[in-house]
Amino acid sequence: MSTDQHPEAKGRAGGRVVVVTGGARGIGRAIVDRFTTEGASVIIGDLTDPGEVATGLDMTGQREWITLDVTDELSVQEFAKSVATGHGGVDVLVNNAGIMDTRTLANETVADWDHTMAVNLRGPFLMAKHLVPLMDGRSDSAIVNIGSIEGIGANALHASYAASKAGVHGLTRALAVDLGPVGIRCNAVAPGWIDTDLNRNYVDKHPNQAQAVTDLASLHPVGRIGDPADVAAAVLWLASPDAGFVTGQVITVDGGRMTRLSIPASLADD
Ligand code: NDP
């Protein structure tokens, strides 16, 4: 449902029904906040009630939480039923829920591998499978998947995570091809280092946290790490009619980190 159908709707997502998985905290929460500010009705699908995990998250107004485990097809089906009953359909699906696993190959069990794949890759597949029917008859429908720069490069000890995110980028392209003819676009955002709990744990463990923050910032041509709101802004654009001719793309939001080629410190100008 677009603002064209509801001219009274306000904001860049006014009148739109938006589902955000893993929307209780981190990047997902910023996406929820941005779409709500832009006038959308937002449904958070998450394992836990955001009211319990996200202190200060305002659950009043145009947002609600429905319990969801993206790895479990029954849970996804129940979630889709509740959304259909409550809202009649969906305009935008944001597949954001994800986990990161850090292990050596020797320590990675099949269960570890399968769990990462289940959350990061089976989840977006199941959500698309069961929510695409709710997009039937809507205009400007869009899926936005949250991939990662680790779907393009890889950090050490991230075999399952990097593989799952490369899979998300592939799924994005495949869905764009299959769903384009029924009027649904599908794109991905590949964030770089974003300031969330997931990453803050690394910095908190460092003996010199101030140095770690400075060093991290210096990896980025823009001179800073990312904020969840940076990712939310890209998601909003990809989901909007302004991106109506954009599908099957992976948009990197990393402050230029992947673009700058590395050079030995001894050869750097300063
Ligand atoms: P967080 O860990 O802060 O938040 C992830 C959210 O997903 C949590 O609310 C979590 O719930 C929820 N979740 C986890 N498993 C499931 C599940 N099975 N079903 C439903 N919800 C689930 O992560 P970020 O905000 O940092 O990351 C969000 C996305 O962005 C992920 O896909 C991540 O891979 C990606 N990303 C993040 C980057 C970063 O720098 N932070 C960089 C690149 C990509 P609970 O708390 O209950 O577990």
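Since the structure is predicted, the reported quantities are computational estimates derived from the model, not experimental observations. For ligands, and for the atoms within them, numbers begin at 1 and follow the listed sequence.
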Which option out of Asp46, Leu47, Ile31, Ile194 puts a heavy atom nearest to atom 11 (O) of ligand 1?
Asp46
Heavy-atom contacts under 4.0 Å between Arg29 and ligand 1: side chain, backbone, both, or neither?
neither
May I ask whether Gly226 places a heavy atom under 4.0 Å from ligand 1?
no
Asp215 (side chain) donor-acceptor with Ala212 (main chain) under 3.5 angstrom:
no
Does an N or O from Val119, backbone or side chain, lie closer than 3.5 Å to an N or O of ligand 1?
no
Asp114, CG: over 12 other non-hydrogen atoms inside 6.0 angstrom:
yes
Please determine if Pro191 has a nitrogen or oxygen closer than 3.5 Å to a nitrogen or oxygen of ligand 1.
no
Distance check, rounded to the nearest 0.5 Å: Arg16 atom CZ versus Ser139 atom OG?
7.0 Å
As an exercise, identify every atom of ligand 1 less than 4.0 angstrom from a heavy atom of Gly147.
44 (C)
Please list, in number order, the atoms of ligand 1 under 4.0 Å from a heavy atom of Asp69.
17 (C), 18 (N), 19 (N)
Hey, does Arg25 come in under 3.5 Å of ligand 1, counting only N/O atoms on both sides?
yes
Hey, which atoms in ligand 1 end up nearer than 4.0 Å to a heavy atom of Gly26?
3 (O), 25 (O)
So with a 6.0 Å cut-off around CG of Leu105, is the heavy-atom count from everything else above 12?
no
Any side-chain heavy atom of Ile43 within less than 4.5 Å of one from Phe79?
yes
Sub-3.5 Å N/O-N/O distance, Asp197 and ligand 1
no
Considering heavy atoms of the protein only, find what lies nearest to atom 6 (C) of ligand 1 and give residue, atom and distance to 0.1 Å.
Gly22 O, 3.6 Å
Spacing of CZ belonging to Arg173 relative to OG1 belonging to Thr247, to within rounding of 0.5 Å:
11.5 Å
Carefully, step by step, assess Leu93 and Met135 under the rule side chain to side chain contact (heavy atoms under 4.5 Å, CB included).
CA-CA 9 Å; Leu93 165 62; Met135 293 177 170; 3.8 Å; yes
Starting from atom 13 (N) of ligand 1, which protein heavy atom do you reach first, and at what distance in Å?
Ala97 CB, 4.0 Å
Taking atom 32 (O) of ligand 1 as the point of reference, which of Ile146, Val76, Asn96 owns the nearest heavy atom?
Asn96
For ligand 1, which is the ligand I care about here, please tell me if Thr48 has any N or O atom under 3.5 Å from one of the ligand's N or O atoms.
yes
Please indicate whether Leu267 has more than 12 foreign heavy atoms, meaning atoms of other residues, nucleotides or ligands, lying under 6.0 Å from its CG.
yes
For Asn96 and Thr21, indicate whether the former's side chain and the latter's backbone hold a donor-acceptor pair under 3.5 Å.
yes
Hey, looking at atom 24 (P) of ligand 1, which of Val20, Thr196, Asn199, Ile99 has the closest heavy atom?
Thr196
Considering only heavy atoms of Ile27, which atoms of ligand 1 have at least one such atom less than 4.0 Å away?
25 (O), 30 (O), 37 (C), 38 (C), 41 (N)
Any side-chain heavy-atom pair from Ile251 and Asn187 closer than 4.5 angstrom?
no
Under 4.0 Å, heavy atoms only, figure out whether ligand 1 is touched by the backbone of Leu68, its side chain, both or neither.
backbone
